[in-house]
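First the proteins, then the strands, lettered A, B, ... as listed; each starts at 1.
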Amino acid sequence: MFAEVIVDVAAYPIDRPFDYAVPEKFQTIIESGSRVKVPFGNRQVLGFVTAIKSETDVPVEKQKPVGELLDIEPVLTQEMLEMTKWLRRHTLCYEIDALQVMLPSALRAKYEKILEIVDHNFELPQSIQAMFQQKDRVELKVDESKELLTTIKKLIKENILALETVVKQKTAVKKVRMILIESDVKKLQEIHLNISNQAKKQKDVVKWMMNYAGTRIVSTDLLKRLNTSNAVLQAVMEKGAATLELEEVYRDPYADRTINVSAKHSLTNEQHLALSEIIFSYDKHEAKTFLLHGITGSGKTEVYLQAIERALHDQKEAIVLVPEISLTPQMTNRFKERFGSLVAVLHSGLSTGEKYDEWRKIKRGEVKVVVGARSAVFAPFQNIGLIILDEEHEGTYKQDDSPRYHARDVAIWRSEYHHCPVILGSATPSLESYARAKKGNYSLLTLTKRPRDQALPEVSVIDMREQLKNGNRSMFSLELAESIRRRLDKQEQMVLFLNRRGHSSFVLCRDCGTVVECPNCDISMTYHRHQERIKCHYCGEESQVPNICPECKSDHIRFFGTGTQKVEEEIARLFPTARVLRMDVDTTRKKGSHEHILKLFGDGKADILLGTQMIAKGLDFPNITLVGVLSADTTLHLADFRAAEKTFQLLTQVSGRAGRHDKEGQVIVQTYTPEHYAIQFAKHHDFVPFYNQEMVNRKQFAYPPYTFVAFIQITHEDVLMTAEYAHKTANWLRENLSNSTEIIGPTASSISRVQNRYRYQCLIKYKKEPTLPEVLQQLTRIYRTDWMKKGILMSIDLNPSSIM
DNA sequence: CTTCGCAAGCCA
DNA sequence: GGCTTGCGAAGA
């Protein structure tokens, strides 16, 4: 018996199954989908069994046995193994990457290097002895000094020390110590009698136990209750009054939260219609994709909830994907409220162990609904009735490193496997999805009204050029400043949005015009006033703020451009009474800080929530009556064909934060290009006309949805090398792809250097290219066998979410 | 002739 | 990807 194993080594020649002999003892339990430890080369690695077979072509002398079977129950289902193959072809990743992405990180291997003393007679050098500290085996850390490593190497050669790689699981199943009290009271009485009167505490414990004969109690609880020590308990147990048992438990991330159960809301006609279409297709076991296009606040969530209720009723499971779970606590809570303990929330704030526990609950079918970000699409359910992607247009559904999958594609693949519907929900669908819906590939459902018929907020677009002409050089237009003042007077809340963090976007010398740039990247450094430092937002480089110009030594250093920090200061100056909460990458670095800030704001502890795009999603507070967009232009002029689409989506989403409840909302958008169609259509909340206009542009320039796009980026430390291989790539593509396919480039990327690597890119635009995965696979092969050695890095992104 | 450093080759 | 091996260069 042999097992085909994909080993945990991401390298080109290893990206295929290796056959291992299955030892007798594992033959009845090993299955495809199990994890194994196998010898590979001269070390131990983790691997996944992908098939079991009785014969192999591998010559006997090369055959090696499976070292250890890590799972009695396979961790990967048959579905996941099939999905792996598809994922690999469509994202051009290593098979091992595709396998690992489906599992919680706790199930990935942790490799430890253990150094062992073999020859105890040898007098070890002082430095080595210090490392061992009387022990025989110690973990060898990677960051040991060079000299130490060379001595260790020598000693290994002389067989005095031995090095061994050990495969460990990252997180173990959490176990709790349970005390099993003896059930025979007579026996307890006997033990009680035999304890000497000196051991008073032991006597007390056993006396107490007589009242609880045969019961189980958590060890720590018992100790606390009897106010006694572990030593006493141990002594009592040795005398036979109780036994110890380890019980598996789940870490409960929501232990200290109370949840109020909510009833279902009644539906509007539109909601009802949408729901019944979904249910109709669900009943027929159709793998149909619905695009639920509903304006902000139109009650998409309620449709999801009731559709899920239906699936649960049939003992089926549901997956709900949200763009960024820590930003949508309100949405998550609604699921918790409706389905209680049947919901598992896969939260980025959970520890590895907590995530693993939630995963096991899903696998064992102890929960039926999963709410989570992108990776939750791989939830190990076996009987899925419904998959939902909320805010389907969001870029976070696309993973930006290998495997570069889009959660929407995985969701649709799984829906075909499980014969169940998928709902893509959004107020501002992506052009691709809307086009597919219009073509009939997806089925379009529309919600045009808010449940209690609240009006959409009034959006005013302020031309900042006019403000400048009239002598207002502030970042707040007169209208916005006036509106903020009014809200402060009325004690209503507002949200201010600016898509740039930090204080000033660049540091400029007024004498020679030098802009301080990052030494590693081709981008200007951003000034952060709180730490009085300048930072690169691409590589994280930080340094002191220069007092004099690095070029001309002038001291006329000035800060230009506006970031959230500067806005915060400006608010403090103009509205000294306003209480401001700032929410951006800098204030939310710690776990749980998103929730904390949102909670403070929800509790009315601040008047103004100021933030970057992370506040655009999901906020739903009744008291918000003003939304201000300080500069709508930042996303509009990006070198990306989706710039207009992203601007429109952002403005619409942000506007949707105002006036969701009884109070009327107002939105003020400041811009230097008020005439731009993305801004004009967003002003009128007009998705369809925007779509039509944008489609005209996409057609003219042959961009998606009219074509498909693949994006290839080449980087190297040397500009010439980068350019050379980018040209090689483009030429190779031109030779191997059909004439109707357009290859743009190579061109230098818009940020031409990041972390000291120059960047060039090629864009492939195609309508029909059935062999593209294979052609790109071949290109990857050339790259991995040849170019990689020269220090070239190439990445291929099929259907990229951004081309920058 | 030994030792060091690095590129090449292999892994069942 | 990580480990061994084999080769050439540097040093005694």
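Between A:F378 and A:Y405, the two ring planes are perpendicular [angle over 60°; tilted spans 30° to 60°].
Between the side chain of A:D97 and the main chain of A:S402, no donor-acceptor pair closer than 3.5 Å is present. A donor-acceptor distance shorter than 3.5 angstrom exists from the side chain of A:T396 to the backbone of A:P323, with no hydrogens or angles considered. Counting only distance, with no hydrogens or angles, the side chain of A:D71 and the backbone of A:E73 share no donor-acceptor pair below 3.5 Å. A donor-acceptor pair under 3.5 Å links the side-chain atoms of A:T84 to the main chain of A:M80, judged by distance alone. Panel note: side chain A:Y20, backbone A:P39; a donor-acceptor pair is recorded below 3.5 Å.
Contacts between residues 50-58 of chain A and DNA chain B, defined by a heavy-atom separation under 4.0 Å, are made by A:V58. Near DNA chain B, meaning a heavy atom under 4.0 Å away, the residues from residues 13-22 of chain A are A:P13, A:I14, A:R16, A:F18, A:D19, A:Y20. A heavy atom lying under 4.0 Å from DNA chain C marks none of the residues of residues 776-790 of chain A.
Partners of A:E82 under the side chain to side chain donor-acceptor pair (under 3.5 Å) rule, at least two apart in sequence or in another chain, do not exist in this structure. Under the side-chain contact (heavy atoms from CB on, under 4.5 Å) criterion, A:N520 pairs with A:C518, A:C539, A:E541, A:N756, not counting sequence neighbours. Every side-chain contact (heavy atoms from CB on, under 4.5 Å) that A:I782 has, sequence neighbours left out, goes to A:W732, A:W787. Here A:E724 pairs with nothing under the side chain to side chain donor-acceptor pair (under 3.5 Å) rule; sequence neighbours left out. Under the side chain to side chain donor-acceptor pair (under 3.5 Å) criterion, A:Y250 pairs with A:R364, A:E366, not counting sequence neighbours. Evaluation of the side chain to side chain donor-acceptor pair (under 3.5 Å) rule for A:Q755 yields no partner, not counting sequence neighbours.
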Run the numbers on A:D522 and A:S752 for side-chain hydrogen bond (donor to acceptor under 3.5 Å, both in side chains), then give the verdict. CA-CA 6 Å; A:D522 180 33; A:S752 63; 2.8 Å; yes
Full working for salt bridge (Lys or Arg N to Asp or Glu O under 4.0 Å) between A:K355 and A:E358: CA-CA 5 Å; A:K355 278 185 197 150; A:E358 297 299 301; over 6 Å; no
Evaluate A:K175 against A:E248 for salt bridge (Lys or Arg N to Asp or Glu O under 4.0 Å), listing each step before the verdict. CA-CA 4 Å; A:K175 290 194 172 138; A:E248 210 174 287; 5.6 Å; no
Check against side-chain hydrogen bond (donor to acceptor under 3.5 Å, both in side chains), A:Q713 and A:S795: CA-CA 5 Å; A:Q713 190 163 59; A:S795 69; 4.8 Å; no
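A cation-pi arrangement is present between A:R16 and A:F18 under the rule of less than 6.0 angstrom and at most 45 degrees off the ring axis.
Counting to the nearest Å, the C1' atom of B:dC11 and the CD atom of A:Q44 are 13 Å from each other. Rounded to whole Å, the distance from CZ on A:F40 to P on C:dG1 is 13 Å. Rounded to an integer number of Å, the gap from A:Q100 CD to C:dG1 P is 13 Å.
Under the side-chain hydrogen bond (donor to acceptor under 3.5 Å, both in side chains) test applied with A:D8, the options A:Q100, A:R108, A:K37, A:R35 reduce to a single match, A:Q100.
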Distances under 3.5 Å only, N/O to N/O: pair up the protein atoms with those of nucleotides 6-9 of chain C.
none

Detail all sub-3.5 Å separations between protein N/O atoms and N/O atoms belonging to nucleotides 2-5 of chain C.
unit_1: C:dG2; atom_1: O4'; unit_2: A:R43; atom_2: NH1; d: 3.3
unit_1: C:dG2; atom_1: O4'; unit_2: A:R43; atom_2: NH2; d: 3.4
unit_1: C:dC3; atom_1: O3'; unit_2: A:N42; atom_2: ND2; d: 3.0

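Annotated stems with DNA chain C as a participant read B:1-11 with C:1-11, given as range with range, by first number; only runs of 3 or more Watson-Crick or G-U pairs under 3.5 Å qualify.
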